Amino acid sequence: VFGPVSPSLAAYPEKPIQIVVSTSPGGGADVTARLVVPELTRLLGQQIVVDNKPGASGMIAGGYVAKQPADGYTYLFDITSFAVNPSLYSQMTFDPVKDLVPVTQFVQAPNVLVVHPSVPVSNLHEFIEYAKSSNGQLAVASSGNGTSQHLTAEMFMARTGVKLVHVPYKGGGPALSDVMAGHVPAFFAFLSSAAPHIQAGRLKAIAITGSKRSPLLPDVPTVAESGISDLNRFEAYDFNGLYAPAGTPKDVIKKMQEAVASALKSEKARQQLESLGAEIIASTPEEFEQFIRAQMEQWGNVVKTAGVKVE
């Protein structure tokens, strides 16, 4: 009934597996990647080695993995920039579509539009009116040029016709600090890092950029719920996932995907990820590929419309 098992799968894995993370140790993506390691080790019966290769918007890690043997022993763990980079950079160290294949999406999390408590708005209608009355002088922070927070703000401007002044920071932490200090009035922030400050009253939440409300902030409506016709399908996520070098056997990828899905759904991982406001996806390679293509198209359009450039 089941047919023969290919030799590659019957023995796989026979040695430790390397997961190359495109971000620095200790960040949200790194934490997510390492969260599944104990369960993956148990399920696959081999050591999983996490290796951080941050820099160049994920291209150092991606370029490294793209050159590794397609044998299922080296994987890339990357963030939203994987889908953004092809439209931002004219030259890349690898071709995300041709050199790597999607294995599975781990999680996704929406951003949340926050303002300093002194900003006299309490919903999206009021925010848009306030921004319009500021004659294009209202500033919005981001965690850097070309990041999902920056592009979410650009998409928001394109859809609403509102002009905001983009203020890029070197990371989400410094941006959040300056919004709380009142130096910059607004920010499409990481949900997990903003939520505690919203709950403590240090920030005011205006809207969530996901398709549904977050259990972390159940009282905060989505952008689409605002009733503004140009925003009825407005969605923006930070996401991460696993990729393998092109040519990796499909049955090996399937085995890895199933192990990751199982690890993500373990009680410990589920509780920790949900506490960060992340939604577990654990998609099939085919579903992840469709998602990546849609994300590349969405952010490519935003980059082109806004004329975003990175130096």
Side-chain angles (χ1 to χ4, degrees), residues 20-25 27-30 52-67 76-100 102 108-113 136 138-160 162-179 183-184 186-191 193 209 234-241 243 291-311:
V20 178
V21 178
S22 69
T23 60
S24 303
D30 180 62
N52 298 81
K53 291 190 188 296
S57 195
M59 286 192 276
I60 291 172
Y64 170 82
V65 174
K67 293 185 181 76
L76 170 70
F77 185 86
D78 204 357
I79 57 172
T80 314
S81 52
F82 186 90
V84 175
N85 286 347
S87 52
L88 270 185
Y89 295 93
S90 53
Q91 300 232 290
M92 288 184 64
T93 53
F94 69 102
D95 183 327
V97 176
K98 290 181 183 162
D99 297 343
L100 295 167
Q108 64 186 27
N111 290 316
V112 55
L113 173 59
L138 190 71
V140 61
S142 86
S143 50
N145 264 325
T147 58
S148 75
Q149 287 75 27
H150 172 206
L151 297 182
T152 300
E154 293 289 357
M155 186 160 78
F156 180 80
M157 288 190 262
R159 295 274 196 94
T160 57
V162 165
K163 292 274 183 284
L164 301 167
V165 179
H166 174 226
V167 183
Y169 284 80
K170 285 187 170 150
L176 203 60
S177 298
D178 263 18
V179 177
H183 301 314
V184 184
F187 180 29
F188 283 94
F190 286 121
L191 179 67
S193 45
T209 66
F234 189 100
E235 283 181 44
Y237 298 98
D238 277 301
F239 70 90
N240 51 47
Y243 307 83
F291 175 79
I292 289 289
R293 286 184 187 278
Q295 289 289 300
M296 283 180 171
E297 187 180 349
Q298 173 177 310
W299 295 124
N301 288 338
V302 171
V303 167
K304 195 170 162 189
T305 306
V308 178
K309 297 273 189 289
V310 289
E311 304 310 328

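Below, all heavy atoms of this structure are taken into account, side chains as well, without hydrogens, waters or symmetry copies. Remember, it's a predicted structure, so these values are computed and weren't measured experimentally.
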J.: Any donor and acceptor pair, going by atom type alone, linking the side chain of Thr305 with main-chain N or O of Val302 inside 3.5 Å?
T.: no

J.: Please list, one pair per line, the donor and acceptor atoms closer than 3.5 Å that link side chains of residues 166-179 to other protein atoms, with sequence neighbours excluded.
T.:
| unit_1 | atom_1 | unit_2 | atom_2 | d |
| --- | --- | --- | --- | --- |
| His166 | ND1 | His150 | NE2 | 3.4 |
| His166 | NE2 | Ser142 | OG | 2.7 |
| Tyr169 | OH | Asp178 | OD2 | 2.6 |
| Ser177 | OG | Gly173 | O | 3.1 |

J.: Looking only at heavy atoms, what is the nearest atom pair of Leu113 and Phe188, with distance?
T.: CB-CE2, 3.7 Å

J.: Please find the pair of heavy atoms, one from Asn240 and one from Ala29, that lie closest to each other, and give the distance.
T.: ND2-CA, 4.3 Å

J.: Have a look at Gln149 and tell me which of Thr80, Thr209, Asn111 forms a side chain to side chain donor-acceptor pair (under 3.5 Å) with it.
T.: Asn111

J.: Evaluate the side-chain contact (heavy atoms from CB on, under 4.5 Å) criterion for residues Tyr243 and Ile292: first the C-alpha distance (whole Å), next the side-chain angles of each, then the deciding distance (0.1 Å), finally the verdict.
T.: CA-CA 11 Å; Tyr243 307 83; Ile292 289 289; 3.1 Å; yes

J.: Taking all atoms of both residues into account, what is the closest heavy-atom pair of Val165 and Gly136, and its distance?
T.: CG2-O, 3.2 Å

J.: Extract all donor-acceptor atom pairs below 3.5 Å that involve side chains of residues 52-65 and protein atoms in other chains or at least two apart in sequence.
T.:
| unit_1 | atom_1 | unit_2 | atom_2 | d |
| --- | --- | --- | --- | --- |
| Asn52 | OD1 | Arg34 | NH2 | 2.7 |
| Asn52 | ND2 | Thr23 | O | 2.9 |
| Asn52 | ND2 | Asp30 | OD1 | 2.9 |
| Lys53 | NZ | Asp51 | OD2 | 3.4 |
| Ser57 | OG | Asn85 | OD1 | 3.1 |
| Tyr64 | OH | Gln18 | OE1 | 3.4 |

J.: How close do Phe94 and Pro96 get, heavy atom to heavy atom, and via which atoms?
T.: O-CD, 3.5 Å

J.: For Gln295, what residues pass the side chain to side chain contact (heavy atoms under 4.5 Å, CB included) criterion, not counting sequence neighbours?
T.: Ala83, Phe239, Phe291, Gln298, Trp299

J.: Report yes if the side chains of Val140 and Phe156 come closer than 4.5 Å at any heavy-atom pair, otherwise no.
T.: no

J.: Which heavy-atom pair separates Gly146 from Val84 by the least distance, and what is that distance?
T.: O-CG1, 3.7 Å

J.: I need the minimum non-hydrogen distance between Ser22 and Asp78, along with the two atoms involved.
T.: OG-OD1, 2.6 Å

